[in-house]
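Just so you know, these numbers use all the heavy atoms, side chains as well, and skip hydrogens, waters and symmetry mates. Residue numbers count from 1 along this sequence.
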Amino acid sequence: MAKASPIKPTVSINLCCYNSERYLRKTLQSIIEQTFKNWELVIVNDGSSDSTESIVYEYKDKGYPIIYQYQDNKGLGASRNEALKLSHGKYIAFIDHDDIWLPEKLEKQIPLFEKNPKYGIVICDTIFFNDNGDIKQLYAKKKPPTGYVFRQLMSRYFISLETVVIQRAALDSLDEWFDVRFNMVEETDLLIRIAYEWEVGYVDEPLAKWRMHNASGTFSNKERAIEEKGLMFEKFCKKFKGFEQKYKNEVDMNKMQLELRYALLNWESGENAKARKRLKPYIFTDKRCGLTYLLTFLPSSIYKQLYKMRGMDPS
């Protein structure tokens, strides 16, 4: 295969790695099998101690257009910023080291930007899966809103990062890229801030797959994710003038959602009374809170059984 062209690629694919040897080859293979060929792959290795680097060089040495950087561990937000600094494309796409793209993903998403220059973000449908097979299609029952969706994203965030392509111009319109304080909600914070000024487009087809497993930070650092989401909304209150008044319903909903998530952690750890105390103000205004309140009269083992039904084992 020929070496990377000096001409700027249309798409820069950002991939941040940390001890990624288990699934990385499948992820890389899904990238090189894209039918859209005008891309570069920017890989930042955030201090891996396994064979991640040697796997990257397997593909880089074959001549694929890969930009690779190794660094001491800095965290996910900082790593994503490094990848962006190394990116040359008009559009930026994201994939994590354990996720998979279907071959036509970029081919079907990129034309939407050309049709509507106001799109800062284009997403697609995706499939959640684990080592046992597919679990669910994210938008099978309800399609995501499109256009200006800042308010909807704050009410109930619905974007999965492996589906995302962003316009570089939208990224560069921000006063900050990824917030380096965040390692769990860094992409949520960035995409909501882009959506404040830009539209979101959608391809109604599953073109990516998000891998669910116990080592995923989404599941292994649940308390940190909740804390970071609270900090994110504090940030929005300071950043956007009149935010708390203009988006009062969304702010209140997120306070409720945070209390629900903390209550689930309390229930999981056997602190059932503490969970009910968190939920009590919301049991008549939110069905999930009301149902969870009743469930907390049962032992925490029930929580684990329910969690397994979602395709995960929290133990």
Close side-chain approach of Asn19 to Ser49, heavy-atom, < 4.5 Å: yes
Crowding at NZ, Lys277 (>12 non-hydrogen neighbours, <6.0 Å): no
Minimum-distance pair of heavy atoms, taken over all atoms of Cys124 and Lys105: SG-CE, 4.2 Å
Whether Phe150 and Phe240 hold their rings parallel, tilted or perpendicular, with breakpoints at 30° and 60°: perpendicular
Over all atoms of both residues, closest heavy-atom pair of Glu271 and Ser269: OE1-OG, 3.0 Å
Are the side chains of Phe236 and Val251 in touch, meaning some heavy atoms are under 4.5 Å apart? no
Less than 4.5 Å apart, side chain to side chain, heavy atoms only: is that true for Ile31 and Tyr59? no
Less than 4.5 Å apart, any side-chain heavy atom of Ile123 and any of Val164? yes
Report whether Val203 and Val165 are members of the same hydrophobic cluster (ILVMFWY, side-chain heavy atoms less than 4.5 Å apart, transitive linking). yes
Answer with yes or no whether the hydrophobic clustering places Trp177 together with Leu161; edges join I, L, V, M, F, W, Y residues whose side-chain heavy atoms lie under 4.5 Å apart. yes
Under a 3.5 Å distance rule, please check whether Gln34 uses its side chain to pair with a backbone N or O of Leu106 as donor and acceptor. yes
Ion pair check, Glu227 and Arg224, cut-off under 4.0 Å: no
Distance from Asp99 atom CG to Ile127 atom CD1, nearest 0.5 Å? 12.5 Å
With Asp189, the side chain to side chain contact (heavy atoms under 4.5 Å, CB included) member among Ile194, Leu231, Asp179: Asp179
On a heavy-atom basis, the closest approach of Val42 and Ala83 is CG1-O, 3.5 Å
Would you call Leu171 and Leu190 a side-chain contact if the rule is heavy atoms closer than 4.5 Å? yes
Could you tell me whether Phe297 atom CZ has more than 12 heavy atoms of other residues or ligands within 6.0 Å of it? yes
Output yes when Glu58 and Lys62 qualify as a salt bridge under the 4.0 Å nitrogen-oxygen rule, no when they do not. no
Shortest non-hydrogen pair, Glu244 vs Cys237, comes out as CG-SG, 3.3 Å
Charged N to carboxylate O below 4.0 Å: is that the case for Lys143 and Asp204? yes
Run the side-chain contact (heavy atoms from CB on, under 4.5 Å) check on Leu260 and Gln257 step by step: do they pass? CA-CA 5 Å; Leu260 174 58; Gln257 290 174 349; 5.5 Å; no
Is a donor from one side chain sitting under 3.5 angstrom from an acceptor on the other, for Ser79 and Gln71? yes
Contact between Glu250 and Arg151 at the side-chain level, heavy atoms closer than 4.5 Å - yes or no? yes
Is Ile43 linked to Trp101 within one hydrophobic cluster, defined over Ile, Leu, Val, Met, Phe, Trp and Tyr using a side-chain heavy-atom separation of less than 4.5 Å? yes
Any side-chain donor near an acceptor of the partner, Ser12 and Glu40, under 3.5 Å: yes
Min side-chain heavy-atom separation Asn38-Val11 under 4.5 Å: no
Could you check Lys26, Glu33, Arg25 and say which one makes a side-chain hydrogen bond (donor to acceptor under 3.5 Å, both in side chains) with Gln29? Glu33
Single-linkage hydrophobic cluster Leu41~Leu102, side-chain heavy atoms < 4.5 angstrom: no
Are Lys235 and Glu176 close enough for a salt bridge, meaning some N to O gap below 4.0 Å? yes
Identify the heavy atoms of Met256 and Cys289 that sit nearest to each other, and give their distance. SD-SG, 3.5 Å
Under 4.0 Å between a Lys/Arg side-chain N and an Asp/Glu carboxylate O for Arg22 and Asp131? yes
Under a 4.5 Å cut-off applied to non-hydrogen side-chain atoms, are Trp198 and Ile166 in contact? no
Closest approach of Met212 to Phe128 (non-hydrogen atoms, all atoms of both residues): SD-CB, 3.8 Å
Give a yes or no on whether Trp39 and Leu24 share a hydrophobic cluster (residues Ile, Leu, Val, Met, Phe, Trp, Tyr; joining criterion: side-chain heavy atoms under 4.5 Å apart). yes
Regarding Arg80 and Asp46, does a basic nitrogen lie under 4.0 Å from an acidic carboxylate oxygen? no
Please determine, by modelled atom types, if Glu197 and Ser173 share a side-chain donor-acceptor pair under 3.5 angstrom. no
Assert yes or no for the condition that the ring centre distance of Phe158 to Tyr202 is strictly below 6.0 Å. no
Per side-chain hydrogen bond (donor to acceptor under 3.5 Å, both in side chains), Asn45 is matched among Tyr70, Tyr68, Tyr18 by Tyr68
Can you classify the ring geometry of Phe94 versus Phe178 as parallel (below 30°), tilted (30 to 60°) or perpendicular (above 60°)? perpendicular
Distance-only side-chain donor-acceptor flag, Tyr247 / Asn254, under 3.5 Å: no
Gln109 side-chain N/O to Val122 backbone N/O, donor-acceptor pair under 3.5 Å: yes
Does Glu107 reach the main-chain N or O of Thr35 with its side chain, forming a donor-acceptor pair under 3.5 Å? no
